[in-house]
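Within every chain, numbering begins at 1; the chains are lettered A, B, ... in the order of the sequence lines, protein sequences first and strands thereafter.
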There are 2 protein chains.
Amino acid sequence: MSKGRVTVVDIAKAAGVSKSTVSLVLQGSPLVNEGTRTKVNATMRELGYVYNRGAANLRANAKSKIIGVVVNDLTNTFFAELAVGVDMVVQSAGFVQFLSNTSESIDRQREVIASMREHGISGLIVSPARATEAVDLKPVVAAGIPVVVVVRNVPGAKVSSIVSDNYAGTHAAVEHLVSLGHQRIGFFGGFPDTAVFEERFNGFRDAIVAAGQPFGEDLIFSSAPSRAGGVDAVALAMQGINPPTAAVCFNDAVAFGVCDGLRARGREPGRDFGVVGFDDVIEAKTAVPALTTVSVDPQGMGRRAAQLLLKQINAGKADAEAITTSVRLVVRESCGAGQNKPGRKTA
Amino acid sequence: MSKGRVTVVDIAKAAGVSKSTVSLVLQGSPLVNEGTRTKVNATMRELGYVYNRGAANLRANAKSKIIGVVVNDLTNTFFAELAVGVDMVVQSAGFVQFLSNTSESIDRQREVIASMREHGISGLIVSPARATEAVDLKPVVAAGIPVVVVVRNVPGAKVSSIVSDNYAGTHAAVEHLVSLGHQRIGFFGGFPDTAVFEERFNGFRDAIVAAGQPFGEDLIFSSAPSRAGGVDAVALAMQGINPPTAAVCFNDAVAFGVCDGLRARGREPGRDFGVVGFDDVIEAKTAVPALTTVSVDPQGMGRRAAQLLLKQINAGKADAEAITTSVRLVVRESCGAGQNKPGRKTA
DNA sequence: CCTATTTGTTGGAACGTTCCAAAGATGTCA
DNA sequence: TGACATCTTTGGAACGTTCCAACAAATAGG
């Protein structure tokens, strides 16, 4: 087993050429004679040669073909999809992905980023843990490693970012509910300590005002941004004196929880109460009722992030680029508008 | 930026010692003088030194501290959780995780495994893509790299495996439904082309027979192992002449789909029809009704897999070990047994 | 026949670490 | 004082690759 691995020198010796020639073959150089090439290739196959990228990366200017991906919560479908999107393009560009999960722990995040640097990543995609600050990314960008943050922005960091148009999303959601005749729409779920919350909430508030409806604190039902949180938010909302008739939710998880909570109270989402989510996770279209939601396409976002990163890696230098991806309201059934159902298809 | 990175020699020069001493400090050797150590450490911090693992791994006998993780479908919560479990223990053992998603593509799987080998992983955990054969893992184990397969077994491969006790799981599910008085129980979802299906199905069939109930092909409602598939299975089941009154589902995704399908037909899962899932994904406990299911704890499974792998890595040699993790029926509401639950609604 | 040019091939140095054998200090004992 | 032991430090050789400069052989142009 641990008897020395097969190296280029072994191949060279066996094939009767020099290690330089083997190296040339390895890189598909046009300089080598066709006959030599096939002979070397045959020998490699025969001896079971495995390329040693570590050794190759050692050379001064070598690029490592490793890109680091850090997500804050892999168990959330949204981020898992994001990672899959990244993996797709990264993989087909011949790179490989170092993926780590931080579980929203900023210490963990620091550790994994440090570890990734030691392994010589040539680019980093990170969906930052809560409370991530510019200083956390500073050393990486100082080392000239391109960084792309996704989903959540990091204020003050000179890095590229790809976030969805949160403001426009909730704005559109409110407009739609208003057009269905709702007079009292609440904002359900999430905690007001993140940039994402702020953006989504602002879109909500401005749209309410723009529709000429009264806006007040009593329309906000804060809770954990999870399914369980959605249940809590409904409980909160329904005990009020003048409960809302529709909810714009912080994300799809909350929206599902809101549906659960409504049913537990004998009210059917879509028929008795309008529910709109945010993210368009895969379950959204198969749930009953199918969830009306703001579509974000996490996988596409992952792909875009990876493309942007690869572009920067190849360009050699990384000018910070801030992209907000446009979102789209996907009308299904949970808002109560699903009458004319037959053809609403998503890409 | 790309002006040469800081190396041990730079540190050595700046601190007035030899590179060997710096190396000793790096490894926390007790041989170095306390004063020297602090001076070197200070210099490292000052110059912004980053350890180069690639170079270190180059030495003949070096262990890479990288472990590869390959999953067949990261967008499925089950596997995402599994990956998180692995990450946890791997991370805290000072290793780092190379994670890749194969999307059930065997070609992709071959590629990523090859790529991982080139990066010198010192262990591999894989949840094999469908139709993976022993030969796909052969080169890896031949290279003396410990391999642990999870979730799905690979027949004939001389590697360790951790799979859940599928047979016992569905067996227990049936027993429970029988104890609730069901006389006609169906097996919903999944395609009979995988070992997992076979095991779960066998547990189901044997339990039906053991309960003295008639077993026939008309109790099987095959479909995609997804939420959408669950809806299809219900459609299939309900058009029969003598439809079942309860379902043991291939997995939780199917079970959720079955609930959706039932509702779409005006029947309430838990009250009018018993539903039992398999996996116990996170959503299972918060769904309405909460899903009765066979708990597999994917995260725990990931942790165990990682522990086993690390053990083998440290032991130097890997004796194949086949572990089946025990499962547990978690009784919630969807089976109709939740009578004594405080919040239960009847009409 | 001599010089260029093209086509393949090649040794050796370099990359950043670890590890070994050995060497300087310093102290201890007889 | 000499012989040892202990503590700390140190050059240099590896590890498996890439790349450069050089070279051999064959072809072409004058």
Just list the side-chain donor-acceptor pairs under 3.5 Å for residues 83-91 of chain A, sequence neighbours left out, or say none.
{"from": "Asp87(A)", "atom 1": "OD1", "to": "Gln91(A)", "atom 2": "NE2", "distance (Å)": "3.4"}
{"from": "Asp87(A)", "atom 1": "OD1", "to": "Gln97(A)", "atom 2": "NE2", "distance (Å)": "3.3"}
{"from": "Asp87(A)", "atom 1": "OD2", "to": "Asn101(B)", "atom 2": "N", "distance (Å)": "3.2"}

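When the local axes at the two ends of the helix from dC1(C)-dG30(D) to dA30(C)-dT1(D) are compared, using 5 base pairs at each end, they differ in direction by 60° after rounding to 10°.
In this view, Glu133(A) satisfies the salt bridge (Lys or Arg N to Asp or Glu O under 4.0 Å) rule with no residue, not counting sequence neighbours. Every side-chain contact (heavy atoms from CB on, under 4.5 Å) that Ala195(A) has, sequence neighbours left out, goes to Glu199(A). Evaluation of the salt bridge (Lys or Arg N to Asp or Glu O under 4.0 Å) rule for Arg108(A) yields no partner, not counting sequence neighbours. Not a single ring-ring contact (aromatic ring centres under 6.0 Å, His included) links Tyr51(B) to another residue, sequence neighbours left out. Partners of Asp107(A) by salt bridge (Lys or Arg N to Asp or Glu O under 4.0 Å), not counting sequence neighbours, listed by chain and number: Arg110(A). Evaluation of the salt bridge (Lys or Arg N to Asp or Glu O under 4.0 Å) rule for Lys311(B) yields Glu321(B) as partners, not counting sequence neighbours.
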Completion exercise
In 5'-to-3' order, the base (B), backbone-only (S) or no-contact (-) status of each nucleotide in nucleotides 5-13 of chain C, using a 4.0 angstrom heavy-atom cut-off, is ---SSBBBB

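Rounded to whole angstrom, the span from the CZ atom of Arg5(B) across to the C1' atom of dA14(C) amounts to 12 Å. In this entry the distance linking CG of Asn57(A) with C1' of dT17(C) reads 14 Å, nearest Å. At whole-Å resolution of the value, CE in Met44(A) and C1' in dG16(D) are 15 Å apart. Rounded to an integer number of Å, the gap from CG of Asp10(A) to P of dG16(D) is 8 Å. Going from atom CD1 of Ile11(B) over to atom C1' of dG16(C) covers 12 Å, rounded to whole Å. Atoms NZ (Lys13(B)) and C1' (dG16(C)) sit 13 Å apart, rounded to a whole Å.
The ring-ring contact (aromatic ring centres under 6.0 Å, His included) analysis of residues 64-93 of chain A, with sequence neighbours excluded, yields no pairs. Applying the ring-ring contact (aromatic ring centres under 6.0 Å, His included) test to pairs two or more places apart or on separate chains, those with a residue in residues 91-128 of chain A are Phe98(A)-His119(A), Phe98(A)-Phe98(B).
You'll find the side chain of Gln109(A) reaches within 4.5 Å of the side chain of Ile113(A), heavy atoms only. Between Thr325(A) and Ile162(A), some side-chain heavy-atom pair lies under the 4.5 Å cut-off.
Place Leu58(B) and Leu26(A) on DNA chain D by their nearest nucleotides, and Leu58(B) ends up nearer the 5' end.
Residue Gln27(A) places at least one side-chain N or O under 4.0 Å from the OP1 or OP2 atom of dC19(D). Within the 4.0 Å cut-off from OP1 or OP2 of dT17(D), not a single side-chain nitrogen or oxygen of Arg53(A) is found.
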Grab the N/O contacts between the protein and nucleotides 25-28 of chain D below 3.5 Å, and write none if there aren't any.
none

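Here the nucleotide nearest the side chain of Ser23(B), chosen from dG16(D), dT18(C), dT17(C), is dT18(C).
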